[in-house]
Protein chains: 2
Amino acid sequence: MEPHGVTSEPTPRGRARNPRGAGARLHDEIVDAAVTLLDETGDPSSLTLRGVARATGVKAPSIYPHFDGIDEIVTALIEHSFSQLESDVSDALAAAPSLGDGLHAAAHAYVRFGWEHPARYRLMFAASGYAEHAVNAYTLVEQTLTHCVADGTSTSTDPHRDTFLLWVALHGIATLEKPGRAELLRLGPIDRDAAIDDLVERLAKITHRP
Amino acid sequence: MEPHGVTSEPTPRGRARNPRGAGARLHDEIVDAAVTLLDETGDPSSLTLRGVARATGVKAPSIYPHFDGIDEIVTALIEHSFSQLESDVSDALAAAPSLGDGLHAAAHAYVRFGWEHPARYRLMFAASGYAEHAVNAYTLVEQTLTHCVADGTSTSTDPHRDTFLLWVALHGIATLEKPGRAELLRLGPIDRDAAIDDLVERLAKITHRP
DNA sequence: CCTCTTACCTAACAGTCGTTAGCTTACAGG
DNA sequence: CCTGTAAGCTAACGACTGTTAGGTAAGAGG
């Protein structure tokens, strides 16, 4: 480009341009940048079109070929996050040696997601319409609990209701922050991980793990 | 008022001015306006200095004698809301005929606040430092639960931990929205109010009410 | 009646935001 | 090699934001 190269960067202004057919690659880069931007700032108001463009390494107008505006980006971010949460939960469930352990592992995986991405977790459930996304992980847990009842691991008489109660409680603990907040609350030290196990045992009526 | 009134408004531009010594009255009006603004829009990003001024019926610079900026207004809003929540809970507790009923009533009052002011409730717990505010209502519940144990209404062996579990679960249900969201979730109809009672009984180990 | 302080205002600034219009540059197909 | 188009750019707009500087009107004290 420059005859005798003082400027060695591939593109003089802006970022490295995507190759010919791969313009769609920017679409995913934008969502990823929005995710890390939200995770790092912790502030949903940082999700502006210009801010996301900046985080992507792109000028603002370059967003428009891929998204109609910031709302579409946020929608994509939320969908991306829900599928991440869902696979976290189902992976934990699948990797466990037993159904009871699976429920415990799934509960921990769920709450961990909330602890590790607090701003994103809040945004996911702030928007109305979270129900459609959450339903997959939800029915997964409900089915597991039903199987637990069948094989005697759970004494639940209403897996449908108990799944709801368990999820509500986990949702509550997930919106807390993970570090020593309990001490800040002057409650004395409370082991959060043990609390999750307690909730699973009491609300899903799972007998103590062997 | 006016001798021959074409202009009937007391002050030609702006709002009715406060009387001489009562300039501090605007301070509370600003907080009230911020509260209703957030409750009505449901969007924390509507809490701008100019927006709050508009809702108060005042021009933007008139805020500065009372608050250094929007952050101070939000802080005042949060403190106001926590004391409202606290009095809601303690009123419910005090009005109940028995300790067990009191815990149920307090739980319902707590969740109702979250349902009726969703954006405000979220903002209250989004800011770090909510712990200092919540601690009052919290210890109130813990003491009540301890008394329940003493008089046999609860079989809890660890009121401290069980208060934490109960609060976490209530916090979870409070961040849901009140209308038929459960149906939206395709869970089939779940009675939210009955769910609250379930949580109180199972987590605080309260025996069924007479 | 006069004055001075209180309570609030207007005017204006710099910065950020979303959005449109139009330009530049690299590369694939002929 | 030439050309067309894809990929991303610059420039600019109008609207909104926080914030400062300085004005105006009303009412209490003298």
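By convention in this document, chain letters (A, B, ...) are assigned in the order of the sequence lines, proteins followed by strands, and residues within each chain are numbered from 1. Note that the coordinates shown come from a computational prediction; the quantities given were computed from them, not determined experimentally.
- Put simply, the residue from A:Tyr130, A:Phe125, A:Tyr138 that forms a ring-ring contact (aromatic ring centres under 6.0 Å, His included) with A:Phe82 is A:Phe125.
- At C:dT19, one or more side-chain N or O atoms of A:Tyr64 fall inside 4.0 Å of OP1 or OP2 (strictly under the cut-off).
- When the P atom of D:dG8 is taken as reference, atom CG of A:Leu49 falls 15 Å away, rounded to whole Å.
- Computed from coordinates, the B:Lys59 NZ to D:dA25 P distance equals 16 Å when rounded to whole Å.
- Counting to the nearest Å, the C1' atom of C:dT16 and the CG atom of A:Asp43 are 15 Å from each other.
- Counting to the nearest Å, the P atom of D:dT19 and the CG atom of B:Asp68 are 9 Å from each other.
- Within the nucleic acid shown, B:Ser62 comes within 4.0 Å of at least one base atom, counting heavy atoms only.
- Using a 4.0 Å heavy-atom criterion, one finds that A:Pro65 contacts no nucleic acid atom at all.
- Side chain of B:Thr48, nearest nucleotide from C:dC17, D:dT10, D:dT17: D:dT17.
- Between A:Arg54 and the phosphate of C:dC17, there is a side-chain N or O to OP1/OP2 separation shorter than 4.0 Å.
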Test side chain to side chain donor-acceptor pair (under 3.5 Å) applied to A:Asp43 and A:Ser46, step by step: CA-CA 6 Å; A:Asp43 184 5; A:Ser46 69; 5.7 Å; no

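- Counting heavy atoms from C-beta outward, A:Leu47 and A:Ile73 have side chains that stay 4.5 Å or more apart.
- The interatomic distance linking A:Glu29 (CD) with D:dG8 (P) rounds to 8 Å, in whole Å.
- Whole-Å rounding puts the A:Ile73 CD1 to C:dT19 P distance at 10 Å.
- Checking C:dT10, D:dG8, D:dT20 against the side-chain heavy atoms of A:Leu26 singles out D:dG8 as nearest.
- Atom CD in B:Glu72 sits roughly 11 Å away from atom P in D:dT19 (whole-Å rounding).
- You'll find the ring centres of B:His117 and B:Phe113 inside the 6.0 Å limit.
- Of the two residues near DNA chain D, B:Ile70 and A:Val58, the one whose nearest nucleotide lies more 5' is A:Val58.
- The nucleotide whose nearest atom lies closest to any side-chain atom of B:Arg50 is, among C:dC17, C:dA12, D:dT20, C:dA12.
- One interatomic measurement links the two molecules: CD1 of B:Ile63 to P of D:dT17, which rounds to 13 Å at whole-angstrom precision.
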Checking side chain to side chain donor-acceptor pair (under 3.5 Å) for the pair B:His80/B:Asp32: CA distance, chi angles, key distance, verdict? CA-CA 9 Å; B:His80 176 88; B:Asp32 289 350; 4.6 Å; no

